[in-house]
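Beneath this line is the structure, given in structure tokens, with notes to follow.
Computed from a predicted model, the values in this text were never measured in an experiment.
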Amino acid sequence: MGDALLGIRSGLLIAIITVLLSGYSYIEYVYYRTIKQNSIDDLFDNAEKLRAMAMATRRVYHKQFLESGLPLTPDTVGFLPAHAMNRISKDLANWDSSGFSINNVSDRPRNPNQAADKNELVAIERFRNNRNQNVYFEPYVNSSGETYYLYARPIWIEKYCLKCHGKKEDAPETIRAMYNTAYDYKVGDLRGILSIKMPASIISARTWEHFSSALRVHVIAIMSLLIIVIIFVRIYIHTPLKTLVAAMTEFTGGDYDRRIGALPGNLGALGDAFNDMADKIALSQEKLQKSEEKFRQITSAIPGVVFQYEAPLGGAGRFTFISSNVRDIWGMDPEEWKADPDKYFKSVHPDDREAVARETEKSALHKTGLNIEYRITRPDGQIRWIQNTASVNRAENGDITWNGVMLDISERKRTQKASLRLSKARDYFSAITSHELSTPLTHIQLVITLLENIAGTSAEKKDMQMAKNVLKEAYGKIDNILSATSFMSKLQLKDRESIRGQSYSLRAIVLSCVDVSRTMIHDKNRVVTLDVDLSAIGGDIFYECDHDLIQRALNEVLSNAIKYSEDGKTINLTGWIDGEVAILEIADQGIGISAEELDAVTNPYFSVEDEDLHHTSQYKFMGGGMGLGLTIAKLIVEHHNGRMEISSPGEGQGVKVTIYLPLSYSC
């Protein structure tokens with residue numbers, strides 16, 4: 001931690017020094033640029049003054065010469081400033097060693113010494129194309145590689161200039177004799193420029209002279225500031241941070257009572273924040289310990305093993321948490337699994353290990369939850385069934401974590417086996433009953449036929465007719481039982497040989513069943529209203545199905561609704577189309593079904609009436625039956641790839657049966 005603190009202090013000092021030096025460098029750069037620009041401005045001002053002096057001299061001497069009446073001869077023409085300027089420029093070097101030069105130059109010179117060079121020609125062209133521009137000040141590099149500034153001002157033809165630069169025939173004889181060029185100018189024409197050339201070295205010298213003298217003062221100031229910053233950092237940052245780091249080290253080492261006194265400056269708030277954090281962490285630590293204890297109590301109360309298993313990418317997996325219930329189910333200690341995860345995998349029954357490994361690998365690969373049942377062998381030799389359910393999470397680095405619970409489902413497995421045996425026995429009973437009762441039925445039918453053929457007295461015929469009616473009724477009931485049981489067995493075995501599908505009007509099928517139910521209600525003297533709304537199912541809706549089977553399913557549901565509705569009640573049958581599915585809803589106001597019995601109403605042989613009061617009637621109120629009606633209806637619907645749902649708010653609140661029939665189904 002001391003090295004870290006030293007690194008923080010060093011890093012902070014480096015950052016402060018870097019900022020200061022960067023700021024200082026930028027300020028010095030701006031200062032240097034300012035001094036240089038000031039030097040350039042001074043140079044420009046000097047050129048302006050020199051030009052003003054030269055132009056004033058030129059104009060005064062020119063007018064003086066013209067107004068004096070002095071004859072213009074080859075000997076006196078040199079007094080004209082325009083003619084004398086090149087000689088003045090050459091003589092200037094004898095009086096000034098700075099490298100300044102001044103001259104009148106033109107792109108149409110009379111004197112070759114006053115011919116404009118290439119840089120001056122650029123200035124002349126600039127003035128000629130931009131008459132509003134009256135000054136030219138630009139750097140250039142001469143043939144020797146030295147940088148100069150060219151200051152130029154335009155010289156425009158004035159009226160008095162036309163005396164020598166107007167028409168040639170109007171010029172003085174001496175001028176005509178000396179020059180053949182630079183005639184035919186007009187007032188306002190550009191005659192040339194006043195050119196002043198100044199070496200850039202003057203600017204560099206002046207700039208460095210001013211900058212170097214200020215630089216020494218600035219360096220002393222910045223060094224003093226750095227020393228002050230270092231002292232400030234040590235007193236107000238390093239020492240308080242050292243105290244803070246020491247306290248943090250002790251706190252993380254387990255001394256939760258460690259606190260910090262007052263720290264100087266703004267770091268005092270940091271010390272207060274540390275103390276506040278320490279108080280909260282100590283409180284959280286206490287709460288965490290209580291929470292962990294509560295979590296252990298909760299997990300120990302769960303009838304299973306709560307676990308967390310981590311599998312690092314490319315490494316061996318391990319249990320990071322195991323609840324104490326592992327002792328009761330596995331007969332092992334949690335610490336054994338944490339120390340050696342192989343103990344868990346070795347406890348899996350040899351016949352199930354491959355399936356467990358395969359499902360676990362699939363869960364890791366596809367990041368899907370784990371839900372698998374398998375057997376384990378305890379150290380004492382007991383074999384138990386386990387259901388392992390877990391969620392899976394894959395971290396960004398590829399590590400996988402399972403969080404879940406392993407339940408002992410041995411008792412459930414035993415119950416399932418018993419239920420399976422009971423189901424097989426029930427199916428066996430149905431099959432044997434159908435087979436064994438077929439022969440007696442045949443005999444009864446034969447007796448009925450014989451009774452019909454025996455002749456005798458009227459009394460004998462009456463007795464035989466009574467016997468025949470009794471036998472017919474018994475035959476009908478037994479045949480009904482056999483046909484229902486046999487039909488249910490075929491549906492359960494998915495025997496499709498007798499199912500033939502054709503396209504029928506769904507509306508017609510439903511209305512046909514409604515007509516049958518209304519007739520039976522009338523024949524049995526029942527007072528139950530059957531309210532039908534099929535307005536949402538048009539006559540053009542066709543359904544490919546086994547007509548007789550679908551009718552039987554609907555009849556069974558309607559019969560059940562009528563049977564368990566008191567007189568005066570209403571049964572509502574509603575139908576509509578949802579996409580490719582036809583939906584039929586039969587809702588009664590009958591006796592209803594309790595929540596405990598709702599899941600069992602479609603089980604074979606289930607009935608809600610008291611078996612001691614049992615009587616067989618399809619439409620009589622509370623008329624009992626074999627308990628196969630809704631079972632057969634559900635099997636028929638499912639045989640057509642549909643589904644049937646039954647719901648009830650509770651006893652005395654009616655039952656609603658909803659049938660979903662896919663119109664795209666083909667038999």
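In the model, W402 has a side-chain atom that pairs as donor or acceptor with a side-chain atom of S363 under 3.5 Å. No side-chain donor from either of N119 and K197 sits under 3.5 Å from a side-chain acceptor of the other. When only modelled atom types and interatomic distance are considered, E120 and S195 share a side-chain donor-acceptor pair under 3.5 Å. Donor-acceptor pairing under 3.5 Å is recorded for the side chains of T320 and Q308.
To the nearest 0.5 Å, atoms CG (L370) and OG1 (T360) are separated by 5.0 Å. To the nearest 0.5 angstrom, I196 atom CD1 is 8.0 Å from F100 atom CZ. Taken from CD in E585 to OG1 in T658, the straight-line distance is 4.5 Å, to the nearest 0.5 Å. The OH atom of Y179 sits 9.0 Å away from atom NE2 of H165, with the distance rounded to the nearest 0.5 Å. Atom-to-atom distance recorded for R126:CZ and L121:CG is 13.0 Å, nearest 0.5 angstrom. Here the CG atom belonging to N104 is positioned 14.0 Å from the CZ atom belonging to R153, to the nearest 0.5 angstrom.
The shortest distance between side-chain heavy atoms of E146 and P199 does not fall below 4.5 Å. Side-chain contact between D184 and K168 is absent, with no heavy atoms from C-beta onward closer than 4.5 Å. Using a 4.5 Å heavy-atom cutoff, the side chains of L584 and I537 are in contact. Put simply, the side chain of M198 does not reach to within 4.5 Å of the side chain of Y148, judged on heavy atoms. You'll find the side chain of D399 stays beyond 4.5 Å of the side chain of R394, heavy atoms only. Contact annotation: the side chain of E158 never approaches that of V187 to less than 4.5 Å [non-hydrogen atoms, C-beta and beyond]. Put simply, the side chain of H640 reaches to within 4.5 Å of the side chain of Y543, judged on heavy atoms. For the pair Y140 and N142, the minimum side-chain heavy-atom distance is below 4.5 Å.
Counting heavy-atom neighbours within 6.0 Å of R33 CZ, excluding the residue itself, gives a total of 12 or less. For CD of E169, the number of neighbouring non-hydrogen atoms (other residues, nucleotides, ligands) closer than 6.0 Å is greater than 12.
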### Task
Quick one: do Y136 and F127 satisfy side-chain contact (heavy atoms from CB on, under 4.5 Å)? Show the steps, please.
CA-CA 8 Å; Y136 179 89; F127 290 130; 3.6 Å; yes

### Message
Please evaluate residues W576 and D533 with respect to the criterion side-chain contact (heavy atoms from CB on, under 4.5 Å), reporting the C-alpha separation (whole Å), side-chain torsions for both, the decisive distance (0.1 Å), and the verdict.
### Response
CA-CA 9 Å; W576 67 92; D533 181 8; over 6 Å; no

### Task
Would you sort out whether I577 and L663 count as a side-chain contact (heavy atoms from CB on, under 4.5 Å), showing the intermediate values?
CA-CA 9 Å; I577 303 297; L663 297 177; 4.2 Å; yes

### Query
Does the pair F137 and Y149 meet the rule for a ring pair (Phe, Tyr, Trp, His ring centres under 6.0 Å), with working shown?
CA-CA 7 Å; F137 188 70; Y149 278 87; 5.2 Å; yes

### Task
Give the C-alpha distance, both sets of side-chain angles, the deciding distance and a yes or no for side-chain contact (heavy atoms from CB on, under 4.5 Å) between L194 and I102.
CA-CA 7 Å; L194 176 66; I102 183 170; 3.8 Å; yes

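Of all heavy-atom pairs spanning V392 and G369, the tightest one is CG1-N, 4.2 Å. P662 approaches G642 most closely through the heavy-atom pair CD-CA, 3.7 Å. Nearest heavy atom pair, residue C164 against residue A171, reads O-CB, 4.3 Å. Nearest approach of N113 to N103, heavy atoms of both residues: O-ND2, 3.3 Å. Residues T181 and P109 approach most closely at OG1-O, 3.6 Å, considering heavy atoms. Nearest heavy-atom pair, L190 versus P154, reported as atom, atom and distance to 0.1 Å: CD1-CB, 3.7 Å.
Figure legend: R110 and Y183 shown as a cation-pi pair, the cationic atom lying under 6.0 angstrom from the six-membered ring centre and within 45 degrees of its axis. Judged by the 6.0 Å distance and 45° axis criteria, R108 is positioned over the aromatic ring of Y185. Stacking of R643 on the aromatic ring of Y660 is recorded, both the 6.0 Å distance cut-off and the 45° axial limit being met.
Using a cut-off of 4.0 Å between Lys/Arg side-chain N and Asp/Glu carboxylate O, E359 and K362 are scored as salt-bridged. Using a 4.0 Å cut-off between charged side-chain N and carboxylate O, R128 and D107 make a salt bridge.
Ring pair F321/F307: centre-to-centre distance not below 6.0 Å.
Judged by distance alone, the side chain of R191 and the main-chain N or O of S106 form no donor-acceptor pair under 3.5 Å. Side chain of D189 to backbone of K186: a donor-acceptor contact under 3.5 angstrom is found.
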